[in-house]
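To start, the structure itself, in structure tokens.
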Amino acid sequence: MSARALGVIVSGGRHHVLSVDDFALIERTMRAVGAKVIHTDGSDGVAAQVEAWARQRGIAVWRVTANWMHDGPATPTERNTTLVTLARTVIAFPGEAVTEDLIAKARKRRLRIIESPGRQMALRSVMDRRFLTTQRGPRQRPGISP
């Protein structure tokens, strides 16, 4: 078993609050893939909540922050490039553009992506918007367009 198989990446937004079910999803996924380490981006929000939860359970957490120096501060995109090389599984919660960038990079590397029910619902509302009628014409009835 490679070292990459021993960890999972947990990603989500700064404003998402994890529920008991979300922590259960992390725990089940870690058990299923045999993970011993959680990798995060070290930001506020989901990463901070997961780190506190993992510390209480004695689970190792590795932070990959966007603050190291090379030719200047690393960007979140550079951080995500590093994160996707550390594990084979990503657990995704609702987030902003940086989370979406991480998911895109994980898909490109063909990592296993576990999306939380909250993320699936958040994405569903974005997908359903294109079907909603926003402007009414003279013969158009309100409601969902075909």
Side-chain angles (χ1 to χ4, degrees), residues 1-135 142-146:
M1 181 180 298
S2 72
R4 284 183 55 189
L6 299 177
V8 296
I9 301 165
V10 179
S11 179
R14 294 179 179 269
H15 304 292
H16 182 70
V17 177
L18 295 174
S19 69
V20 173
D21 292 336
D22 292 336
F23 288 117
L25 173 68
I26 296 169
E27 199 163 15
R28 281 192 315 269
T29 303
M30 288 186 70
R31 197 174 313 122
V33 300
K36 305 289 184 211
V37 177
I38 294 175
H39 302 282
T40 71
D41 62 5
S43 63
D44 296 335
V46 169
Q49 295 170 60
V50 168
E51 289 175 16
W53 172 83
R55 262 187 252 117
Q56 291 176 344
R57 284 163 177 68
I59 300 169
V61 176
W62 290 2
R63 275 185 175 183
V64 177
T65 62
N67 296 328
W68 70 85
M69 301 297 283
H70 48 93
D71 291 331
T75 65
T77 302
E78 291 172 328
R79 179 203 55 220
N80 288 343
T81 301
T82 302
L83 266 172
V84 296
T85 63
L86 298 176
R88 291 189 178 145
T89 304
V90 176
I91 304 172
F93 294 98
E96 293 82 30
V98 176
T99 302
E100 298 306 318
D101 177 65
L102 177 78
I103 299 304
K105 288 181 185 322
R107 282 196 177 106
K108 189 178 278 188
R109 291 186 60 94
R110 297 183 181 195
L111 302 183
R112 178 184 303 130
I113 300 170
I114 310 294
E115 292 186 340
S116 72
R119 179 174 167 76
Q120 292 171 357
M121 292 303 292
L123 291 177
R124 183 175 178 199
S125 65
V126 171
M127 290 187 299
D128 288 345
R129 283 187 204 146
R130 65 184 177 159
F131 296 110
L132 296 178
T133 303
T134 56
Q135 295 180 345
I144 299 175
S145 60

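Predicted model only: the values in this text are computed from it and were never measured. In what follows, every heavy atom counts, from backbone to side chain, and hydrogens, waters and symmetry copies are set aside. Note that the numbering runs from 1 along the sequence shown for the chain.
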By the definition side-chain contact (heavy atoms from CB on, under 4.5 Å), identify the one residue from Thr29, Val61, Asp41, Val46 that meets it with Val10.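 Result: among Thr29, Val61, Asp41, Val46, Val46 is the only option passing the side-chain contact (heavy atoms from CB on, under 4.5 Å) with Val10.
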Would you call the rings of His16 and Phe93 parallel, tilted or perpendicular, where under 30° means parallel and over 60° means perpendicular?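 Judged by the thresholds at 30° and 60°, the geometry between His16 and Phe93 is parallel.
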Do the side chains of [Y] and [X] get nearer than 4.5 Å, heavy atoms only?
X: Glu96; Y: Glu100; result: no
X: Ile9; Y: Thr89; result: no
X: Trp53; Y: Ile26; result: yes
X: Lys36; Y: Met30; result: no
X: Val8; Y: His39; result: no
X: Leu25; Y: Arg28; result: yes

From CA spacing to verdict: side-chain contact (heavy atoms from CB on, under 4.5 Å), Ile38, Ile59: CA-CA 7 Å; Ile38 294 175; Ile59 300 169; 4.1 Å; yes
Treating Asp101 as the side-chain partner and Asn80 as the backbone partner, does any N or O pair qualify as donor plus acceptor under 3.5 Å?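 No, the answer is negative, given that no donor and acceptor are paired below the 3.5 Å cut-off.
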Distance-minimising heavy-atom pair for [X] and [Y]:
X: Ala106; Y: Val84; value: N-CG1, 3.9 Å
X: Gly13; Y: Thr99; value: N-OG1, 3.9 Å
X: Asp22; Y: Ser116; value: OD1-CB, 4.3 Å
X: Glu51; Y: Gly42; value: OE2-CA, 3.7 Å

About how many Å separate [atom2] of [Y] and [atom1] of [X], when rounded to the nearest 0.5 Å?
X: Thr40; Y: Gln49; atom1: OG1; atom2: CD; answer: 12.0 Å
X: Ile91; Y: Ile114; atom1: CD1; atom2: CD1; answer: 7.0 Å
X: Arg79; Y: Lys105; atom1: CZ; atom2: NZ; answer: 10.5 Å
X: Glu78; Y: Leu83; atom1: CD; atom2: CG; answer: 12.5 Å

Please determine whether a side-chain nitrogen of the Lys or Arg among Arg107 and Glu115 lies less than 4.0 Å from a carboxylate oxygen of the Asp or Glu.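 Between Glu115 and Arg107 there is a salt bridge, with a charged N closer than 4.0 Å to a carboxylate O.
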For Arg57, does the CZ atom sit with more than 12 other heavy atoms under 6.0 Å from it, leaving out its own atoms?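 Yes, because the 6.0 Å sphere around CZ of Arg57 holds more than 12 heavy atoms from other groups.
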So Arg109 and Thr85, side-chain contact (heavy atoms from CB on, under 4.5 Å) or not? Walk me through it. CA-CA 9 Å; Arg109 291 186 60 94; Thr85 63; 4.0 Å; yes
